[in-house]
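Structure first, then comments.
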Amino acid sequence: MQAHWAKRALIVQANKMNGRGLPLSSSTPDLKKQTSSTSTVIKEAATLRSALPFILSHDIVRGILYAGQAALQYAFMLAVMTFQVGFIFAIVVGLGVGETLFGRYAIHATHIA
């Protein structure tokens, strides 16, 4: 989902930049005004931040998924603190099987804790 959201956010950002639009060449003699407008748009494009824009539908889901991931990490920490080797072993094996079956759907470079 992260890759899909990043692609959609880039589309939104590009549409926002295209919405401003570069001035079209015309036969008006006021070339200085057109040049200053073009340089302003180019300067704004060059100083854009590299972070993707906030999109509510993407970021709410991302926040919920992160909260669920953190809850599972704390639950695993509490399970380890019980010192029950069989329980800990079952959790580790379950995580390994889950990664084997479903790991190809995830982006491995994100949120490695």
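The analysis underlying the following values was restricted to heavy atoms, covering all of them including side chains, and did not include hydrogens, waters or symmetry mates.
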More than 12 non-hydrogen atoms from neighbouring residues, nucleotides or ligands closer than 6.0 Å to CE on M77, yes or no?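 More than 12 heavy atoms, drawn from other residues, nucleotides or ligands, come within 6.0 Å of this atom.
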Going by the rule side-chain contact (heavy atoms from CB on, under 4.5 Å), which residues pair with V85 if we only count those two or more places apart in sequence or in a different chain?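 side-chain contact (heavy atoms from CB on, under 4.5 Å) list for V85, sorted by chain: empty.
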Using the test side-chain contact (heavy atoms from CB on, under 4.5 Å), find all partners of I91 that sit at least two apart in sequence or belong to another chain.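 Applying side-chain contact (heavy atoms from CB on, under 4.5 Å) to I91 gives F76, A79, F87, L95.
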F102-V93 co-clustered via ILVMFWY side chain contacts under 4.5 Å: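 Hydrophobic grouping puts F102 with V93.
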Does L56 belong to the same Ile/Leu/Val/Met/Phe/Trp/Tyr cluster as V12, with side-chain heavy atoms less than 4.5 Å apart forming each link?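 Cluster IDs for L56 and V12 differ.
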When Ile, Leu, Val, Met, Phe, Trp and Tyr are grouped by side-chain heavy atoms lying under 4.5 Å apart, directly or through other members, which residues fall in the same group as F83?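 For F83, no cluster forms, as it stays isolated from other hydrophobic side chains.
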Inter-residue atom distance [X].[atom1] - [Y].[atom2], 0.5 Å rounding:
| X | Y | atom1 | atom2 | value |
| --- | --- | --- | --- | --- |
| D59 | I64 | CG | CD1 | 11.0 Å |
| F54 | I60 | CZ | CD1 | 6.0 Å |
| L78 | Q73 | CG | CD | 12.0 Å |

Go through the steps for R62 and L65 under the test side chain to side chain contact (heavy atoms under 4.5 Å, CB included), then give the verdict. CA-CA 5 Å; R62 181 182 296 126; L65 289 174; 5.8 Å; no
Closest non-hydrogen atom pair between I88 and V80, with its separation: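 In terms of heavy atoms, the two residues are closest at CD1-CA, 3.7 Å.
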For the residue pair H58 and H4, does the interplanar ring angle fall in the parallel (under 30°), tilted (30 to 60°) or perpendicular (over 60°) class?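 Aromatic pair H58/H4 classed tilted.
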